[in-house]
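Working notes for the structure below.
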Amino acid sequence: MKRRRIPRYFFERSAVEVSRSILGKYLVASDRSGKIKEGRVVEVEAYVGPHDRASHAYKGKITPRNKAEFLRGGYVYIYLVYGMYWQLNIVTGKKDHPECFLIRAVETEGRAGEASGPGKLCRYFGFDKDFYGEDVGKSPKIWFEDRNEKIFPKNIACSRRVGIDYAGRFWALRKLRFYLKGSSVITKLNKSKF
DNA sequence: GTACAGATTGAG
DNA sequence: TCAATCTGTACT
């Protein structure tokens, strides 16, 4: 099988473009013991910029937590939610324009569902703050591979993002979650007030 | 210094 | 339906 590490500039496009084109690519990483783990990306969410009310960088606010979002595309932005789950994001777009996508699910070769969900995925791969700011074009710890799987637009579905009701009706309903139709590990939509 | 909510998950 | 668990952020 042909394998090619995806170069960093792949991520220097809009969050929506990168979100759609990363589907079907492989996330590969080595954990602390050097063991390689990998999975096929099947579900992501786009956070599209400082005007996106659901984004941590809303209104361009920079904090110690989100400062990686202001790097150019291709760097890791990872943070802890609910005191116990890490969320893996890859920055997209230009420097100083905070956009990124959140990886919500990948398919693995092992047990079904072991990386279905943004928190479970990070637990499976061992992602934590040690990966903050990694360059996926160069890092020995985390990268993406193109294995020549052709994904057609008709295979991509989109829907609203999960768990961001606080951002208000407009942003909660925007179709910024992208996934491959037919994958068995897609997050169930939880109920929303909208 | 104190308060509080969160881009989740799994159990009941 | 709800608790687990803790950091970042806002406010005193």
Side-chain angles (χ1 to χ4, degrees), chain A residues 11 14-20 22-23 27 37 39 41-71 73-93 97-108 110-134 136 142 157-180 183-194:
Chain A
F11 301 93
S14 77
V16 169
E17 280 180 85
V18 178
S19 292
R20 296 179 65 93
I22 201 69
L23 294 173
L27 170 62
K37 291 189 171 177
V41 179
V42 295
E43 181 185 1
V44 299
E45 281 177 2
Y47 289 81
V48 298
H51 58 295
D52 181 348
R53 216 184 159 95
S55 168
H56 291 157
Y58 180 52
K59 291 181 174 169
K61 184 179 61 174
I62 304 179
T63 70
R65 176 175 69 159
N66 77 1
K67 64 178 196 277
E69 272 202 274
F70 291 81
L71 299 169
Y75 289 86
V76 171
Y77 167 44
I78 189 166
Y79 65 90
L80 190 65
V81 271
Y82 302 117
M84 55 178 87
Y85 296 109
W86 292 94
Q87 308 276 288
L88 178 70
N89 297 256
I90 309 298
V91 180
T92 63
H97 191 269
E99 298 179 31
C100 64
F101 66 94
L102 166 68
I103 303 181
R104 295 194 56 90
V106 304
E107 287 174 353
T108 59
R111 218 168 55 251
E114 63 195 351
S116 62
K120 287 165 75 176
L121 179 156
C122 287
R123 190 177 57 193
Y124 172 74
F125 281 95
F127 294 143
D128 59 20
K129 61 177 182 294
D130 287 351
F131 288 76
Y132 193 92
E134 283 290 305
V136 300
I142 177 171
C158 55
S159 74
R160 62 183 179 72
R161 294 175 290 183
V162 177
I164 54 149
D165 272 359
Y166 64 83
R169 181 187 173 83
F170 177 78
W171 288 103
L173 294 179
R174 286 284 301 272
K175 293 193 167 190
L176 291 172
R177 184 171 70 117
F178 302 92
Y179 56 94
L180 289 181
S183 174
S184 56
V185 298
I186 302 304
T187 311
K188 275 202 308 253
L189 270 180
N190 46 9
K191 60 174 180 285
S192 162
K193 63 186 180 191
F194 300 113

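Residue numbering restarts at 1 for every chain, and letters A, B, ... go by the order of the sequence lines. Since we're looking at a predicted model, the values are computed, not measured.
- The closest donor-acceptor contact from the side chain of A:Y166 to the backbone of A:A54 lies under 3.5 Å.
- What separates OH of A:Y58 from P of B:dG6 is a distance of 15 Å, to the nearest Å.
- Look at OH on A:Y82: it is 13 Å from C1' on C:dC6, rounded to the nearest Å.
- Phosphate proximity of B:dA7 to A:Y166: present, with a side-chain N or O under 4.0 Å from OP1 or OP2.
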Could you write out DNA chain C as dot-bracket? Rules: Watson-Crick or G-U wobble, both distances under 3.5 Å, brackets [ ] for crossings, | for pairs with another strand, dot for unpaired.
||||.||||||.
Can you list the steps and then say if A:I90 with A:V76 is a side-chain contact (heavy atoms from CB on, under 4.5 Å)?
CA-CA 5 Å; A:I90 309 298; A:V76 171; 4.0 Å; yes
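- Residues A:A15 and A:E99 approach most closely at N-OE1, 2.6 Å, considering heavy atoms.
- A donor atom on one side chain and an acceptor atom on the other are found under 3.5 Å apart for A:Y47 and A:E45.
- If you measure from atom NZ of A:K67 to atom P of C:dT9, you get 10 Å, rounded to the nearest angstrom.
- For A:V162, the side-chain atoms get nearest to B:dT8 when compared with the rest of B:dA7, C:dA10, B:dT8.
- For the P atoms, the distance from C:dT5 to B:dT2 is 22 Å, rounded to whole Å.
- At distances below 3.5 Å, not a single donor-acceptor pair connects side-chain atoms of A:Y179 with backbone N or O atoms of A:S159.
- At a cut-off of 3.5 Å, with distance as the only test, no side-chain donor of A:S183 or A:E43 sits close to an acceptor on the other residue.
- Nucleotides B:dG10 and C:dT7 are separated by 22 Å at their C1' atoms, to the nearest Å.
- In this structure, CG of A:L189 is placed 16 Å from P of B:dA7, rounded to the nearest angstrom.
- Nucleic acid contact for A:R161: none, since no nucleic acid atom lies under 4.0 Å from a heavy atom of the residue.
- Between A:L80 atom CG and B:dA7 atom P there is a gap of 11 Å when expressed in whole angstrom units.
- Side chain of A:N89 to main chain of A:C100: no donor-acceptor pair is present (N/O by atom type, distance under 3.5 Å, no hydrogens or angles).
- A:R161 contributes a side-chain N or O that, together with a main-chain N or O of A:A46, makes up a donor-acceptor pair within less than 3.5 Å.
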Please tabulate the protein-to-nucleotide N/O contacts below 3.5 Å involving nucleotides 9-11 of chain B, giving atom names and distances.
from	atom 1	to	atom 2	distance (Å)
B:dT9	OP1	A:G117	O	3.4
B:dT9	OP1	A:P118	N	3.0
B:dT9	OP1	A:G119	N	2.8
B:dT9	OP1	A:K120	N	3.3
B:dT9	O4'	A:Y85	OH	3.2
B:dG10	OP1	A:R123	NH2	3.0

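- Judged by the 6.0 Å distance and 45° axis criteria, A:R65 is positioned over the aromatic ring of A:Y79.
- The interatomic distance linking A:F127 (CZ) with B:dA7 (C1') rounds to 17 Å, in whole Å.
- A:W171 places a side-chain heavy atom less than 4.5 Å from the side chain of A:V48.
- Look at CD on A:E45: it is 12 Å from C1' on B:dT8, rounded to the nearest Å.
- Look at A:K129 and you won't find any side-chain N or O under 4.0 angstrom from OP1 or OP2 of C:dC6.
- Atom pair A:N89:CG and B:dG6:P shows a separation of 17 Å (rounding to whole Å applied).
- In the set C:dC6, C:dG8, B:dA7, B:dA7 carries the atom at the smallest distance from any side-chain atom of A:H56.
- Contact annotation for A:K191: backbone-only contact, meaning every heavy-atom pair under 4.0 Å involves sugar-phosphate atoms and none involves a base.
- In this structure, A:L102 reaches the bases: a heavy-atom distance under 4.0 Å links it to at least one base atom across the strands shown.
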